Amino acid sequence: MRNIISLCLLAVVLLTSCGNVEPRIIAPGEIWPDNNGVHVNAHGGGLLLHNGIYYWYGENKCDTTSSAMVGVDCYSSKDLVNWTNEGVALAVSDDAESDIVRGCVLERPKVIYNEKTGKFVMWFHLELKGKGYSAARAGVAVADSPTGPFRFLRSGRVNPGVMPLDLQGEEAKAKWDALDIDKYDKNRNPQAEEWWTPEWREDINNGLLCKRDFDGGQMARDMTLYVDVDGKAYHIYSSEENLTLNIAELSDDYLSHTGKYMRMCPAGHNEAPAIFLKDGTYWMITSGCTGWAPNAARMFSAPSIWGPWTQHENPCRGEGAEITYGGQSTYILPYGDNFIFMADIWRPKHPSDARYLWLPIQFDENGVPFLEYMDKWDLNTFKAVEEAK
Ligand code: GAL
């Protein structure tokens with residue numbers, strides 16, 4: 001009898017304590033105040049979990065321009081809901097000669113931790129001041145502490161003079177040799193042919209723009225970083241005028257590229273890549289290329305980081321699915337057994353007011369990821385608040 005009473009008491013205690021778990025609400029599209037009551041300013045960003053603390057790095061956006069006037073901000077949190085402003089992790093420079101001089105375009109920063117060196121490594125998309133989006137460079141910075149200060153190392157195009165994995169072999173070489181890099185380039189050839197024809201697609205597929213940029217290195221714009229289970233890190237970026245994604249291996253210290261890289265989805269026009277691994281399958285969610293305006297997300301899967309990558313349907317379901325509910329992917333955070341899809345709702349007329357769209361990734365009966373919009377959801381249950389009650 002005494003045992004039964006103890007068990008009942010235990011059950012009551014457990015039930016009450018479960019019922020008392022504070023909801024941790026994520027509200028896409030709203031103002032997300034930091035510890036100072038100010039909307040988090042970390043756009044196009046990514047997260048790093050280090051020693052039990054989440055660090056959120058992103059573009060500091062000011063009120064009037066999307067150019068970098070401050071640099072990369074860092075916030076920290078233990079619960080993904082309460083964020084402490086840790087200040088500027090990577091500051092733009094006042095030296096006019098610096099690649100990252102104030103007024104440059106510095107976008108989509110991501111930070112990874114290198115176990116071997118004990119350093120925090122940041123890569124980002126860099127456009128040189130006053131040159132629009134023509135530089136298409138990757139920049140790298142390093143720090144001893146997660147909150148910085150990060151020291152800028154260099155910027156440049158990627159993997160100059162190196163053939164990608166997907167264009168190796170006799171047959172690919174013969175097609176590559178036959179490519180005429182001026183054929184579709186209106187700036188270099190008044191008789192240039194139209195883009196988006198089947199022939200053009202075939203030429204892009206065979207490496208037309210990769211060949212054009214071969215000596216100087218591949219273009220690198222929207223990007224993410226991914227550290228695999230074996231500790232190898234990859235830089236995934238929009239290349240070839242945003243037509244083709246590149247997946248490029250980083251060196252052991254994560255500070256440079258090894259020269260091993262692969263082109264993914266040539267002429268697919270993907271931006272904003274975000275990636276996660278679940279049960280041995282790599283999933284990538286991207287956007288199309290419509291600048292700050294939202295478009296339909298795309299999704300791919302592969303059994304290895306090196307592919308083959310298969311395209312799936314738009315992962316978004318329900319109202320707003322065709323514009324990713326107003327957002328553009330930036331990062332996917334593993335969270336226990338779950339994954340959080342993170343996106344930006346851009347406000348180009350008032351850049352600092354851009355909002356965040358975080359949603360739980362759900363899986364269908366075949367294990368294929370999908371997203372549904374939720375006004376408010378609880379990080380404890382990964383369910384919309386109405387359902388969680
Ligand atoms: C988006 C891109 C952003 C930014 C913007 C500029 O497509 O994802 O990071 O570069 O274009 O128009």
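Model, not experiment: these values are computed from the prediction. Index from 1, following the sequence. Side-chain atoms are counted along with the backbone in the values below, which use heavy atoms only and exclude waters and symmetry mates. Counting starts at 1 for both ligands and their atoms, in listed order.
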Which residue and atom name correspond to the protein heavy atom nearest atom 8 (O) of ligand 1, and how close is it?
Asp222 OD2, 2.5 Å
Side chain to side chain contact (heavy atoms under 4.5 Å, CB included) between Thr117 and Leu255, intermediate numbers included:
CA-CA 11 Å; Thr117 61; Leu255 297 177; over 6 Å; no
Report yes if some N/O of Gln328 lies less than 3.5 Å from some N/O of ligand 1; otherwise report no.
yes
Face-on cation placement of Lys278 at Phe363 ring, 6.0 Å and 45° thresholds
yes
Taking the six-membered ring for Trp, are Tyr356 and Trp56 closer than 6.0 Å centroid to centroid?
yes
Starting from atom 7 (O) of ligand 1, locate the nearest protein heavy atom and write down its residue, its atom name and how far away it is, to 0.1 Å.
Glu271 OE1, 2.4 Å
Protein contact of atom 1 (C) of ligand 1 - nearest heavy atom, named by residue and atom, plus distance
Gly291 O, 3.3 Å
Under-4.0 Å heavy-atom contact with ligand 1, by part of Arg108 that carries it
side chain
Within the supplied structure, the quantity of interest is the number of heavy atoms (other residues, nucleotides, ligands) at a distance under 6.0 Å from Glu313 CD; does it exceed 12?
no
What I want to know is whether Glu107 and ligand 1 share at least one N or O pair that is separated by under 3.5 angstrom.
yes
Using the benzene-type ring in the case of Trp, are the ring centres of Trp358 and Tyr335 under 6.0 Å apart?
no
For ligand 1, is there an N or O atom under 3.5 Å from any N or O atom of Glu59?
no
Hey, does Met163 have a side-chain heavy atom less than 4.5 Å from the side chain of Phe214?
yes
